[in-house]
Amino acid sequence: MNNLLDILNKSVNYLEKQKVKNARLTAESIIAEIMKMERIMLYAEFERILSEDELKKIRGKLNEVVNKLKEKKISGDNNFENTVKSEKQLKLLLDKSIQYLEKNDIVESKLIAEIVFSHVLNIDRMMLFTKYRDDIEDEKIEKIRYFIQKIGREKFPVQYLLNEQEFYKRKFYVDKGVLIPRQDTEILVEKMIDILKTKISKNQVHPKILDIGVGSGIIGITAALEVESSYVLGVDISEKALEIAQKNKEILKVSNIKFLKSDLFENVEFKQFDMIVSNPPYISLNEVGIMSDDTLLHEPSEALFAENDGLYFYYEICQKAFDYLADFGYLLFEIGYKQGKNVSEIMKNFGFKNIDVIQDLAGLDRVVIGQKIINKIES
Ligand code: GLN
């Protein structure tokens, strides 16, 4: 049927299909103009049959609108072409890199691509956009390509490639052989600093801290830097970890930390620590299946997995920690989100008091704390 309402609806459909914005309003305006009517009066005369001539005019107008839109798009694309002057332009290369990473199932592709670009170009990630139109030198493009391909193809963690990861607002050197610092661990570190500052420092001019499984050194070094009067000992069974921790000590110019090769407490002689802290391997062997490729392929499995449902090191450390703590000393662990109850239980069984489980921002159990209390009143 060719009545007004019918034509109006057909026109709206057509414009919508052609992706014209405000399709109904546009169709109404066109028809009202051709019919020489007020737009709001159209619906009062919805049954009116339109003549061939009127239909032809409406068709013509509709096509005019659509063609104009197409032209605009093309000239818009031309503008885009103009902004991308060459294949070396930052924005173009960045977009290509993001696409490539996405195709290779890399999570947070945009972030990772930006990290690589800002590293190679030596500008803050947040400032990258100010250089979008700049050309990148060939040598740097080569570097970027190498990094992006390594990440995409080999699932190589960007942190190992660039040898850095931020932790607690400081840049740490990282490499294969140590765990990449996780944000989760900042919960443990925050708690550790809080206890050191508000509790331990009240009675101890020089708090003594032991970091077991020091890895890259993030926990021990952060303690040493945040509480300058402290003395920290970091132990690890891995030579490579100790090398990297030492490197971080130098980079961050820390004087109050020492490292020692030791299988847990094996070579530790001092027995009056005010705090023992550890982020031990705690992932259950059953959980291999849910780990991401980059972690499984490249991070040290001995820093991740533990026997006994991931609880092995909590037993081992709790068993001895009592002997190595001063009275009122604290034991702090990072834990897996399902281990709060078990680790609390282990601590309790080994005589720890004031046990507390702390959650991360997602509400998951992340840290367990206990205290060695022998005398009732703190001296
Ligand atoms: N202490 C280091 C960290 O928290 C290493 C921990 C580990 O390897 N399990 O990152």
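Remember, predicted model here, so these are calculated numbers, not experimental data. Numbering of ligands and ligand atoms starts at 1, following listing order.
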* To do: Return yes if a side-chain donor-acceptor contact under 3.5 Å exists between His298 and Lys155, otherwise no.
  => no
* Asked: Between Glu114 and Ser118, does any side-chain donor sit less than 3.5 Å from a side-chain acceptor?
  -> no
* Around atom 6 (C) of ligand 1, find the nearest protein heavy atom and jot down its residue, atom name and distance. => Asn279 O, 3.1 Å
* Structure fact -> closest protein heavy atom to atom 8 (O) of ligand 1 is Ala303 CB, 3.2 Å
* Same apolar cluster (I L V M F W Y, side chains within < 4.5 Å links), Ile195/Phe333 -> no
* Do you reckon Leu260 sits in the same ILVMFWY cluster as Val214, going by side-chain contacts under 4.5 Å, direct or chained? -> no
* Is Lys247 positioned over the aromatic face of Tyr173, cation under 6.0 angstrom from the ring centre and no more than 45 degrees off axis? -> yes
* Asked: Under 30°, 30 to 60°, or over 60°: which ring-plane class applies to His206 and Tyr231, parallel, tilted or perpendicular?
  -> parallel
* Please work out whether any backbone atom (N, CA, C, O) or any side-chain heavy atom from C-beta onward of Pro280 is under 4.0 Å from ligand 1, and answer side chain, backbone, both or neither. => backbone
* Numbering as shown, the atoms of ligand 1 that approach Pro281 to under 4.0 Å (heavy-atom distance) -> 9 (N)
* Would you mind listing which atoms of ligand 1 come within a distance below 4.0 Å of any non-hydrogen atom of Ile218? => 3 (C), 4 (O), 10 (O)
* Structure fact -> Note: heavy atom closest to atom 1 (N) of ligand 1, options Gly177, Gly215, Gly213, belongs to Gly213
* Just going by heavy-atom distances, which of Leu179, Val214, Thr222 is nearest to atom 2 (C) of ligand 1? -> Val214
